[in-house]
Amino acid sequence: MNLTIHTAALPHDDPDASLAFYRDVLGFEVRGDVGQGRMRWITVGPPGQPGTSLLLAPPAADPGVTEDERRTIAEMMAKGTYGWILLATPDLDATFARVEAGDAEVVQEPTEQPYGVRDCAFRDPAGNMIRIQELR
């Protein structure tokens, strides 16, 4: 078996704000943008890595999601506990400075963790946790 992770998904509640964060702050390229209004599915990814994408999607758009589940998802997004992703970079300090300058909410400055990694954390406009780990 030969599998790769092609696309991971994070929810958004303001597609324009999420697009600006991932494109303008993180430097991802836009690979797709379908739908309209708040019901947009936006695919972004790191330049030079066409096999890896992040889908920014409206939360609870699936018709099988109940109103109680939609309410729970909205509450978790508001608290920043619904979605998260781990990115990596060879230069954590420069990346942190760029993201911080983009007015992203800083959750954790670059920190040497006791489990052997150095990382930092931000929240995207939808409240998703974005952890960035230094490649060693």
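Values in this document were obtained by computation on a predicted structure and should not be read as measured data.
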TODO: Output all residues satisfying side-chain hydrogen bond (donor to acceptor under 3.5 Å, both in side chains) with R23, sequence neighbours left out; order by chain, then residue number.
DONE: none
Open item on the list: Going by the rule side-chain hydrogen bond (donor to acceptor under 3.5 Å, both in side chains), which residues pair with S53 if we only count those two or more places apart in sequence or in a different chain?
Closed with: R31
Is there side-chain contact between [X] and [Y], with heavy atoms separated by less than 4.5 Å?
{"X": "E134", "Y": "P90", "result": "no"}
{"X": "E109", "Y": "C120", "result": "no"}
{"X": "R118", "Y": "D93", "result": "yes"}
{"X": "M77", "Y": "P59", "result": "yes"}
{"X": "P110", "Y": "D119", "result": "no"}

Open item on the list: If you apply the rule side chain to side chain contact (heavy atoms under 4.5 Å, CB included), what do you find for R40 with D16, and how did you get there?
Closed with: CA-CA 9 Å; R40 286 169 56 195; D16 291 325; 2.7 Å; yes
Restricting to non-hydrogen atoms, name the atom on [X] and the atom on [Y] that form the minimum distance, rounded to 0.1 Å.
{"X": "Q133", "Y": "V117", "result": "NE2-CG1, 3.6 Å"}
{"X": "H12", "Y": "A126", "result": "CA-CB, 3.8 Å"}
{"X": "R123", "Y": "A104", "result": "O-CB, 4.3 Å"}
{"X": "A121", "Y": "R131", "result": "CB-NH1, 3.6 Å"}

Taking [atom1] in [X] as the centre, count heavy atoms belonging to other residues, nucleotides or ligands within less than 6.0 Å. Is the count above 12?
{"X": "I5", "atom1": "CD1", "result": "no"}
{"X": "Q36", "atom1": "CD", "result": "no"}
{"X": "D103", "atom1": "CG", "result": "no"}

Who clusters with [X]? Use side-chain heavy atoms, under 4.5 angstrom, across I, L, V, M, F, W and Y, and order the result by chain and number.
{"X": "L86", "result": "W84, V107, M129"}
{"X": "L3", "result": "M1"}
{"X": "V106", "result": "L10, L19, F21, Y22, V25, L26, F28, V30, I42, V44, L54, L56, I85, L87, L92, F96, V99, F122, I130, I132"}

Task: Spacing of OG1 belonging to T72 relative to OH belonging to Y82, to within rounding of 0.5 Å - done: 10.0 Å
Open item on the list: To the closest 0.5 Å, what do you measure between CD (E100) and CD (E105)?
Closed with: 12.0 Å
- [ ] Could you list the residues that satisfy side chain to side chain contact (heavy atoms under 4.5 Å, CB included) with T111, not counting sequence neighbours?
- [x] Q108, Q113
- [ ] Find out if a path of hydrophobic residues (ILVMFWY) with successive side-chain heavy-atom gaps under 4.5 Å connects M39 to V65.
- [x] no
